[in-house]
Amino acid sequence: MLEALTTEKRNNSTTELDTFSVEEIIKKMNQEDEKVAKFVKEEIDDIVKLIEAVIISLKKGGRLFYIGAGTSGRLGVLDAAECIPTFNTSPEMIQGVIAGGMKAMTVAVEGAEDSLELCEADLRERGLNENDFILGIAASGRTPYVIGGLKYANKIGATTGALSCNKSSAISQYADFSIEVDVGPEILTGSTRLKSGTAQKFILNMISTTAMIRLGKVYQNLMVDVQPTNEKLVERSKRIIMDATGCTYEDATFYFNDSNNQPKLAIVRLLTGINKEKAQKLLAENAGFVRKTIEASKK
């Protein structure tokens, strides 16, 4: 029942919310938001287990699918989309699947989240297989669209995870790995785009960023696989090369251009002195890890 869910309960400190001044509203929101990081911290062990499973799936050629409806679905689509320019992933590697399709990113698609069959159809269309990892996201933890998707994923042998904002949530029952972060009642009753959405965003950041680091898409704390698709990212790429190697802007520009606009390749060349072809070969042999490639070049 909805009334048993924390995400649906009333916040006793905001029962007079409609009488609050602007300053009182935002101070209360800020006070509630401050609690989110603490509640997420309490679930670190479960987050680690889920991320390690995601990495295993990705390393064997599987894909990561986020499935959800409404705010939860939109957050999954957002995280997946941001991995493409940040880590130069293919659009297929991490995908957001939202109830109602991309139209639901901007407008509500009535009834889509209530279907137990719709997500299965969406995942079939994407060729879901046993190597993939499916993360069901639902603040309530009971969204039929997500449950249907997890059931289908389990049936074909894919690895499954669940992210909810209620304890003992329904979707956790259908997942190999579950994260249940209870952030307490929202200041606006039932508006899970607030604290619940913030907690989900925190955790999705952790999942995708950590997975990409462990897949060799980061050197030191630099996004060396960034996709330079606009002027800002071209300049960021050059700055990354400079930060990693200590070279001048002029050298960074030359090596960036001469390395097919790949910061990672430019960094390896600058730090090792080896030619472009050998650097490419060593990077491939070391699964794209810059640090391992540099060490291999010394042998």
Side-chain angles (χ1 to χ4, degrees), residues 48 51-52 54-66 75-96 131-133 201-299:
V48 169
I51 293 174
E52 288 176 339
V54 168
I55 294 168
I56 290 171
S57 290
L58 293 176
K59 281 187 172 180
K60 64 184 181 183
R63 299 161 294 173
L64 170 59
F65 288 92
Y66 297 131
L75 288 169
V77 171
L78 174 65
D79 194 77
E82 289 181 342
C83 286
I84 298 170
T86 305
F87 300 111
N88 199 17
T89 60
S90 71
E92 290 74 34
M93 186 179 190
I94 303 177
Q95 299 182 42
N131 292 323
D132 297 327
F133 189 104
K201 182 67 167 70
F202 277 9
I203 294 168
L204 292 176
N205 284 348
M206 292 175 174
I207 293 169
S208 56
T209 303
T210 305
M212 293 302 102
I213 292 169
R214 301 305 297 166
L215 288 174
K217 293 188 171 290
V218 172
Y219 173 58
Q220 297 176 349
N221 62 349
L222 302 169
M223 54 174 87
V224 292
D225 254 341
V226 64
Q227 190 178 90
T229 53
N230 58 42
E231 186 176 342
K232 179 191 76 173
L233 293 178
V234 167
E235 289 305 308
R236 178 179 292 167
S237 296
K238 295 174 184 177
R239 175 59 60 183
I240 286 169
I241 295 167
M242 293 168 66
D243 287 343
T245 67
C247 75
T248 64
Y249 179 82
E250 289 71 26
D251 281 345
T253 300
F254 172 81
Y255 278 92
F256 173 72
N257 293 332
D258 195 55
S259 299
N260 309 323
N261 296 353
Q262 298 174 35
K264 180 183 283 187
L265 180 57
I267 290 166
V268 168
R269 292 174 64 189
L270 279 160
L271 290 179
T272 63
I274 60 180
N275 63 39
K276 180 177 174 180
E277 290 70 26
K278 186 174 181 180
Q280 288 174 316
K281 183 173 181 291
L282 277 178
L283 271 169
E285 290 173 354
N286 288 278
F289 284 83
V290 171
R291 195 177 296 274
K292 289 180 181 179
T293 300
I294 293 169
E295 291 171 358
S297 72
K298 300 174 182 177
K299 297 177 181 178

I'd like to know if the side chain of [X] reaches the main chain of [Y], judged simply by a donor and an acceptor atom lying under 3.5 Å from each other, with no hydrogens or angles considered.
X: S237; Y: P228; value: no
X: N257; Y: T253; value: yes
X: N260; Y: Q262; value: no
X: K264; Y: G288; value: yes
X: K276; Y: D258; value: yes
X: D132; Y: R63; value: yes

Looking at every heavy atom in both [X] and [Y], which two are closest together, and how far apart are they?
X: P91; Y: I84; value: CA-CD1, 3.8 Å
X: L58; Y: A211; value: CD1-CB, 4.1 Å
X: Y66; Y: S208; value: OH-CB, 3.9 Å
X: I51; Y: M206; value: CD1-O, 3.6 Å
X: S297; Y: T272; value: OG-CG2, 3.3 Å
X: F289; Y: L215; value: CZ-C, 3.6 Å

Once you round to the nearest 0.5 Å, how far does [atom1] of [X] lie from [atom2] of [Y]?
X: K298; Y: I274; atom1: NZ; atom2: CD1; result: 11.5 Å
X: I240; Y: E235; atom1: CD1; atom2: CD; result: 11.5 Å
X: L282; Y: K299; atom1: CG; atom2: NZ; result: 10.5 Å
X: T209; Y: L204; atom1: OG1; atom2: CG; result: 10.0 Å
X: F133; Y: I94; atom1: CZ; atom2: CD1; result: 12.0 Å
X: E250; Y: M242; atom1: CD; atom2: CE; result: 8.0 Å

With a 4.5 Å cut-off on side-chain heavy atoms, are [Y] and [X] touching?
X: Q220; Y: R291; answer: yes
X: F256; Y: V234; answer: yes
X: K217; Y: T89; answer: yes
X: L233; Y: R236; answer: yes
X: C83; Y: M93; answer: no
X: N286; Y: E295; answer: no

message = Suppose we screen for salt bridge (Lys or Arg N to Asp or Glu O under 4.0 Å). Which residues come up paired with E52, at least two apart in sequence or across chains?
response =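 Checked E52 against salt bridge (Lys or Arg N to Asp or Glu O under 4.0 Å); zero matches.
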query = Is it true that atom CD of E277 has more than 12 heavy atoms of other residues, nucleotides or ligands lying nearer than 6.0 Å?
reply =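 Correct, the count exceeds 12.
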message = Please check if the number of heavy atoms outside K292 that lie under 6.0 Å from its NZ is greater than 12.
response =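 No, NZ of K292 has 12 or fewer neighbouring heavy atoms, counting only those of other groups under 6.0 Å.
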key: side chain to side chain contact (heavy atoms under 4.5 Å, CB included) evaluation trace for Y219 with I294   = CA-CA 11 Å; Y219 173 58; I294 293 169; 3.8 Å; yes
